[in-house]
Number of protein chains: 2
Amino acid sequence: MRMRSDGRLARMLHVLVHMALLGGRETSERIAEMLNTNPVVVRRTLGALRAHGIVASEGGRGGGWKLAKSLEEITVLDVQRALSAGPILPAATSSDHPSCPVERASNAVLVAAHAAAEARLAEIYGAAPLSEIARAAMETAKGA
Amino acid sequence: MRMRSDGRLARMLHVLVHMALLGGRETSERIAEMLNTNPVVVRRTLGALRAHGIVASEGGRGGGWKLAKSLEEITVLDVQRALSAGPILPAATSSDHPSCPVERASNAVLVAAHAAAEARLAEIYGAAPLSEIARAAMETAKGA
DNA sequence: TATTGCGTAACAAATGGTGTTACAGAATGA
DNA sequence: TCATTCTGTAACACCATTTGTTACGCAATA
């Protein structure tokens, strides 16, 4: 029952930076083309970001998606949190004999280790605004 | 496509410590009872540990499983490595447009962050011998 | 030689992201 | 008003991975 880290975070970072660089509104259709996927998947995933104030959407003719904040104001951690409420790195403990001291001790070690790793990950995510990704991308594009 | 951290590590820590505390050989049948699971699952998983020299097995009457090292010589990291060859925390990047600078930059941030988190996790796992889990378990059992 | 226990193949179930179709609702513009 | 163009969402099927299970072969031993 694990919440494995999926490909949504990478895809969302990718598309959010593109949206900022393009400036205007983008439809699910066009975003889906950017991500080589389906418009419904895009709405589903961007919908989670909208619930956290990262993007906004409008229906009807001329509608679509746009950023609700600047790239400087969005960190990787913000996007991660929008996509998944729980821990980024769940502990993966066992619960075969909840009262067994050995199982408890084993689980405790794993929980502590994961908490430390998660703290490190969240620290880095939180210190990484999307504007930094945009800057690195432009640098690369120029250099190449 | 993630290699999510599954429940095998926790289960193996649990059973290895029990095996050490019990001292002798244990059959898949008895171990399965400890873990509330099936003997085949036990053979499957312990088989991976045997391939890394952590446990040994013998068939036939009077056979079963026993530790190949002492708990002091086995770290959580050893068990983790035996269960899964690759990274503990795979990066979860996207590959929709491998030549897109924005995708590359997004992936790079994620890869770097995961590498740091994984290093932290491996550091803790490597510094945690199973004897420490056994000690903590006995402490708890005594205290309670 | 009968029993015990591992080794392994084969298959079902559950989980969670993904891909897809279908359709309802809202905004826009002629 | 009405057709068009969007999002919102339900309802599936699909894929990959762990887990659970049955079945059977092989080795060791009393």
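As the structure is a computational prediction, the values presented were derived from the model and not from experiment. Residue numbers start from 1 in every chain, and the chains themselves are labelled A, B, ... in the order their sequence lines are given, proteins ahead of strands.
Residue B/R43 places no side-chain N or O under 4.0 Å from the OP1 or OP2 atom of D/dT19. One finds no side-chain N or O of A/T37 lying less than 4.0 angstrom from the OP1 or OP2 phosphate oxygen of C/dT18. Side-chain N/O atoms of B/R50 include one lying less than 4.0 angstrom from OP1 or OP2 on C/dG7. Phosphate proximity of D/dT7 to A/S28: present, with a side-chain N or O under 4.0 Å from OP1 or OP2. Look at A/R61 and you won't find any side-chain N or O under 4.0 angstrom from OP1 or OP2 of C/dA30.
Side-chain atoms of B/T27 and B/W65 form no donor-acceptor pair, as typed in the model, at a separation below 3.5 Å. With no hydrogens or angles considered, no side-chain donor-acceptor pair links B/S106 and B/E103 at under 3.5 Å.
Within the 4.0 angstrom heavy-atom criterion, base atoms lie near A/G60. Looking at heavy-atom distances under 4.0 Å, A/R25 makes no contact with the nucleic acid at all.
If you find the closest nucleotide of DNA chain C to A/E58 and to A/P39, the one lying nearer the 5' end belongs to A/P39. Mapping A/G62 and A/G47 onto DNA chain D by nearest heavy atom places A/G62 closer to the 5' end of the strand.
Remark: side-chain polar atoms of B/H97 are paired, donor with acceptor, to backbone N or O of A/M34 under 3.5 angstrom.
Note: CG (A/N36) to C1' (C/dT20) measures 16 Å, nearest angstrom. Atom-to-atom, CG of B/N38 to P of C/dA10 comes out at 18 Å; the value is rounded to the nearest Å. The distance between atom CZ of A/R11 and atom P of C/dT18, rounded to the nearest whole Å, is 6 Å. Rounded to whole Å, atom P of C/dG19 lies 14 Å from atom CD of A/E29. In this entry the distance linking CE of A/M12 with C1' of C/dT18 reads 12 Å, nearest Å. Distance A/K66 NZ to D/dT7 P: 14 Å, rounded to the nearest Å. Put simply, CD1 on A/I31 is 17 Å from C1' on C/dG19, counting in whole angstrom units. B/E26 places its CD atom 10 Å from the P atom of C/dC6, with the value rounded to the nearest Å.
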Query - salt bridge (Lys or Arg N to Asp or Glu O under 4.0 Å) assessment of B/E33 paired with B/R30 - result: CA-CA 5 Å; B/E33 287 168 12; B/R30 279 177 49 87; 5.6 Å; no

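Checking D/dT4, D/dA11, C/dA10 against every side-chain atom of A/R44, the shortest atom distance belongs to D/dA11. The side chain of B/W65 sits closest to C/dC6 out of D/dT22, C/dT21, C/dC6. Closest to the A/V41 side chain, of the nucleotides D/dT7, C/dG19, D/dT21, is C/dG19. Between C/dG7, D/dT18, D/dT22, one nucleotide has an atom nearer to the side chain of B/R8 than all others, and that is D/dT18.
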Could you give the side-chain donor-acceptor pairs of residues 49-61 of chain B under 3.5 Å, partners two or more places apart or in another chain?
| unit_1 | atom_1 | unit_2 | atom_2 | d |
| --- | --- | --- | --- | --- |
| B/R50 | NH1 | B/S57 | OG | 3.0 |
| B/H52 | ND1 | B/A48 | O | 3.4 |
| B/E58 | OE2 | B/R25 | NH1 | 3.1 |
| B/E58 | OE2 | B/R25 | NH2 | 3.4 |

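A/E72 approaches A/P129 most closely through the heavy-atom pair O-CB, 3.9 Å.
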